[in-house]
Amino acid sequence: MSEDTAGFGGAATGNGELGAEDMPVVGIISQYVKDLSFENPNAPAIFQTQGQPRIDVQFNIAAQQVGDDVHEVVLKIDARSEIDGKVAFVVDLAYAGLFAVRNIPAEHLQPFMLAEAPRLIFPFARRVLADAVRDGGFPPLMLDPIDFGALYMQQAQGQIEGDGGTPVGHA
């Protein structure tokens with residue numbers, strides 16, 4: 001017994017052939033650490049410091065087309081921890097994903113690249129960041145989930161209102 005099924009990138013037609021070459025298709029080709037830096041400038045003295053750390057986390061999103069139907073999205077996360085005015089650690093991570101994107105209307109491409117794509121790669125970037133901080137001798141830095149869609153909408157609304165809005169990725 002045979003069954004008509006739709007493959008990734010096409011829809012099954014009544015005669016069992018893949019059709020609809022104009023169907024929207026999005027897929028993750030690869031994910032990778034593009035850049036990672038960890039600094040522990042006050043070691044080993046910082047490990048003797050008793051105090052509550054102050055942690056500042058900033059992030060940014062960049063997207064660019066790198067080939068036919070291929071886009072790179074880079075999630076940049078910069079975290080800095082201080083205890084009693086001394087730097088405990090500084091970690092900078094650029095985590096990227098390559099996305100195959102075909103037949104996506106232009107008005108939907110930017111929202112995908114700046115909201116949905118970062119949402120897909122964020123859990124992996126979060127793990128890399130937590131591991132780097134733990135490997136540096138500190139408790140893992142577990143970032144809270146980020147609503148990239150809401151941030152994108154906030155930025156888009158700010159641009160519509162003419163105030164420039166907060167750039168996507170800046171908290």
Side-chain angles (χ1 to χ4, degrees), residues 26-67 70-101 104 107-171:
V26 174
I28 298 176
I29 298 170
S30 180
Q31 297 182 59
Y32 48 94
V33 173
K34 192 163 183 157
D35 187 30
L36 175 62
S37 170
F38 182 88
E39 298 174 33
N40 190 349
N42 290 306
I46 198 68
F47 296 115
Q48 303 302 316
T49 305
Q50 301 295 319
Q52 187 66 26
R54 188 182 73 74
I55 299 175
D56 178 47
V57 178
Q58 299 290 319
F59 64 95
N60 202 345
I61 302 161
Q64 67 175 341
Q65 187 167 359
V66 294
V70 178
H71 294 259
E72 180 188 57
V73 175
V74 179
L75 177 57
K76 180 142 176 40
I77 303 171
D78 299 321
R80 178 184 180 96
S81 175
E82 293 184 6
I83 302 173
D84 295 334
K86 294 182 181 178
V87 175
F89 66 81
V90 177
V91 62
D92 300 317
L93 171 65
Y95 191 84
L98 281 181
F99 292 84
V101 179
I104 302 293
E107 66 271 13
H108 297 290
L109 188 59
Q110 184 178 11
F112 176 82
M113 291 298 155
L114 297 179
E116 186 61 18
R119 183 189 69 80
L120 293 170
I121 64 174
F122 176 75
F124 303 96
R126 178 182 184 219
R127 182 193 51 79
V128 170
L129 188 76
D131 288 350
V133 171
R134 184 199 65 225
D135 293 346
F138 299 93
L141 177 60
M142 298 303 294
L143 297 178
D144 290 334
I146 299 169
D147 187 347
F148 293 102
L151 289 172
Y152 176 79
M153 294 305 292
Q154 178 183 6
Q155 178 197 28
Q157 186 63 34
Q159 288 177 348
I160 289 171
E161 294 173 359
D163 66 5
T166 302
V168 169
H170 293 277

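These numbers come from a predicted model, not from an experiment.
- Here the closest non-hydrogen pair linking Ile121 and Gly97 is CD1-N, 4.1 Å.
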Report task. Output, in order, the C-alpha distance, side-chain angles, deciding distance and verdict of side-chain contact (heavy atoms from CB on, under 4.5 Å) for Phe122 and Leu75. Result -> CA-CA 8 Å; Phe122 176 75; Leu75 177 57; 3.8 Å; yes

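- Atom CG of Leu120 and atom CD of Gln31 lie 8.0 Å apart (nearest 0.5 Å).
- A salt bridge links Asp78 with Lys76: the distance from a Lys NZ or Arg NE/NH1/NH2 to an Asp or Glu carboxylate oxygen falls below 4.0 Å.
- Not a single donor-acceptor pair under 3.5 Å links the side chain of Glu39 to the backbone N or O of Pro41.
- Looking at heavy atoms from C-beta onward, Val73 lies in side-chain contact with Pro118 at the 4.5 angstrom threshold.
- Shortest non-hydrogen contact noted between Gln50 and Asp84 is O-OD2, 3.4 Å.
- A donor-acceptor contact shorter than 3.5 Å links the side chain of Asn40 to the backbone of Gly136.
- Inter-residue side-chain proximity for Ile46 and Lys86 is flagged as met; some heavy-atom pair is nearer than 4.5 Å.
- For the atom pair Leu114 CG and Gln155 CD, the distance stands at 7.0 Å (nearest 0.5 Å).
- No side-chain heavy atom of Tyr95 sits under 4.5 Å from any side-chain heavy atom of Leu36.
- The distance from atom CZ of Arg119 to atom CZ of Phe112, rounded to the nearest 0.5 Å, is 9.0 Å.
- Each of Val66, Leu109, Leu98 was compared with His71 under the side chain to side chain contact (heavy atoms under 4.5 Å, CB included) criterion, and only Leu109 meets it.
- The side-chain heavy atoms of Gln64 and Val74, taken from C-beta on, include no pair separated by under 4.5 Å.
- A donor and an acceptor atom, one from each side chain of Glu72 and Tyr32, are located under 3.5 Å apart.
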Query raised in the report: Between Ile104 and Phe99, does a side-chain contact (heavy atoms from CB on, under 4.5 Å) hold up when you go through it step by step?
Result: CA-CA 12 Å; Ile104 302 293; Phe99 292 84; over 6 Å; no

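- For the pair Ala125 and Leu93, the tightest heavy-atom approach, listed with the atom from each and the gap, is O-CD2, 3.4 Å.
- Residue pairs meeting the salt bridge (charged side-chain N to carboxylate O under 4.0 Å, His left out) criterion with at least one member in residues 130-149, sequence neighbours excluded: Arg127-Asp131, Asp131-Arg134.
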Query raised in the report: Are Asp92 and Asp35 close enough, and set up right, to give a side-chain contact (heavy atoms from CB on, under 4.5 Å), and what steps lead you there?
Result: CA-CA 8 Å; Asp92 300 317; Asp35 187 30; 5.7 Å; no

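- Here the CD1-CZ distance, from Ile28 to Phe124, works out to 7.0 Å after rounding to the nearest 0.5 Å.
- Residues Gln110 and Tyr152 form a side-chain contact, since some pair of their non-hydrogen atoms from C-beta on lies under 4.5 Å apart.
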Query raised in the report: Does the side-chain contact (heavy atoms from CB on, under 4.5 Å) test come out yes or no for Asn42 and Phe47, once each step is laid out?
Result: CA-CA 9 Å; Asn42 290 306; Phe47 296 115; over 6 Å; no

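- A side-chain donor-acceptor contact under 3.5 Å links Gln58 and Asp56.
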